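Atoms within each ligand, like the ligands themselves, are counted from 1 in listed order. For the numbers below, each heavy atom of this structure counts, side chains included, while hydrogens, waters and symmetry mates do not. This is a predicted model, so every value here is computed, not measured.
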Amino acid sequence: MRILFVHPDDHSGGAEIAGNWPPAGVACLPGALEQAGFTDVQFIDAMTNDIGDEELKRRIAEASPDIVVTTAITPSIDKAERVLEMAREVCRGAVTVLGGVHATFMSKQALPEAPWIDAIVRDEGEEIMVAFAQAVVAGRWSAVRAAIKGIAYLDDGKVSQPRLRPLSRLLTA
Ligand code: B12
């Protein structure tokens, strides 16, 4: 199974005066996935490498992933949603996942505005993403999604976010 990580091509930051860097958060997740046996993981850093929409679309199609994931802080949410929309356009069967700080706190807004997102991973993604990928591999992620702590998804047009993991007790549900 192929998992494709995309860092959206968003240039919101004054921090970029010092340069562009791939996000540390996304770098943590492939390690956890690889330890769990998901070794076919690819990463496209559209921000650092200035990859525009058309080229990104082409590269997503070429990668032909089973799962496409991206990340968002608040300034990059529109671009992140667009990444997953493009993934849905060119890889209809791929499962689309959003994570990161904005998605964690604003899942109730992000899911209705981008209904092509299959799931949002809230909070730290290492364990949750592995559980989610295992459910995708088993072909039953939509059947068991309510039992995966830390994800949110649209269920019949309504946002469902069953529970966060105990580690996240400081966050509100
Ligand atoms: C380090 C840092 C930076 C570094 C990033 C260096 C790098 N190469 O990664 C620099 C200095 C470049 C930076 C810049 C900016 N930053 Co900054 N940054 C941080 C900081 C301090 C830590 C982020 C981090 O690396 N955490 C460690 C990693 C491991 O955690 P993580 O990123 O959260 O990822 C985990 C989870 O969120 C989740 N996850 C994340 N993505 C995904 C995706 C999927 C699919 C899944 C499953 C899970 C998942 O799993 C990850 C692993 O557990 C946070 C504050 C904080 N304490 O979080 C602010 C923070 C993220 N930054 C913020 C902001 C606003 C910016 C700038 C826009 C500032 C500016 N105006 O220039 C720019 C944007 C740059 C850009 N275009 O991305 C805000 C975002 C606020 C918001 N509402 O979204 C934060 C929260 C600070 C704050 N409180 O205001 N930043």
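Rounding to the nearest 0.5 Å gives a distance of 10.5 Å between CD of Gln134 and CE of Met129. In this structure, Gln109 CD and Ile77 CD1 are separated by 8.0 Å, a value rounded to the nearest 0.5 Å. Separation of atoms CG (Leu4) and OG1 (Thr96) is listed at 12.0 Å; rounding is to 0.5 Å. Remark: His11 NE2 to Lys79 NZ distance equals 6.5 Å, nearest 0.5 Å.
Near Thr74, meaning under 4.0 Å from any of its heavy atoms, are these atoms of ligand 1: 82 (C), 83 (N), 84 (O). For ligand 1, the atoms sitting less than 4.0 Å from at least one non-hydrogen atom of Gly99 are 41 (N), 42 (C), 43 (C), 44 (C), 45 (C), 46 (C), 48 (C), 49 (C), numbered in the order shown with element in parentheses. Below 4.0 Å from some heavy atom of Cys28 lie the following atoms of ligand 1, by number and element: 29 (C). Contact atoms of ligand 1 toward Val121: 47 (C) (distance under 4.0 Å to a heavy atom of the residue).
Between Glu124 and ligand 1, not a single N/O pair is under 3.5 Å apart. Looking at Glu126 next to ligand 1, an N or O pair under 3.5 Å apart turns up. Considering backbone and side-chain N/O of His7, none are found under 3.5 Å from N/O of ligand 1.
Ring geometry for Phe132 against Trp141 counts as tilted: the plane angle lies between 30° and 60°, on a 0 to 90° scale.
Looking at Gly100, Gly125, Ala103 and measuring to atom 49 (C) of ligand 1, the nearest heavy atom belongs to Gly100. Across the listed options Val130, Val69, Thr70, Thr70 owns the non-hydrogen atom lying nearest to atom 43 (C) of ligand 1. Nearest residue to atom 86 (C) of ligand 1 from Ile151, Val101, Thr104 is Val101 (criterion: closest heavy atom).
Looking at Val97 and Asp118, their side chains never come closer than 4.5 Å, going by heavy atoms from C-beta outward. Between Arg145 and Asp155, some side-chain heavy-atom pair lies under the 4.5 Å cut-off.
Of the heavy atoms in Met47, only side-chain atoms (C-beta onward) come closer than 4.0 Å to ligand 1. At a heavy-atom distance under 4.0 Å, atoms from both the backbone and the side chain of Ile73 approach ligand 1. The side chain of Leu29, and not its backbone, has at least one atom closer than 4.0 Å to an atom of ligand 1 (non-hydrogen atoms only; side chain from C-beta on).
Evaluation of the side chain to side chain contact (heavy atoms under 4.5 Å, CB included) rule for Pro75 yields Asp10, Ser12, Ile73 as partners, not counting sequence neighbours. Here Glu89 pairs with Lys57, Arg82 under the salt bridge (Lys or Arg N to Asp or Glu O under 4.0 Å) rule; sequence neighbours left out.
Heavy-atom separations between Met129 and ligand 1 include at least one value shorter than 4.0 Å. Ile128 does not count as a contact of ligand 1, since none of its heavy atoms falls under 4.0 Å from the ligand.
More than 12 non-hydrogen atoms from other residues, nucleotides or ligands lie less than 6.0 angstrom from CD of Glu113.
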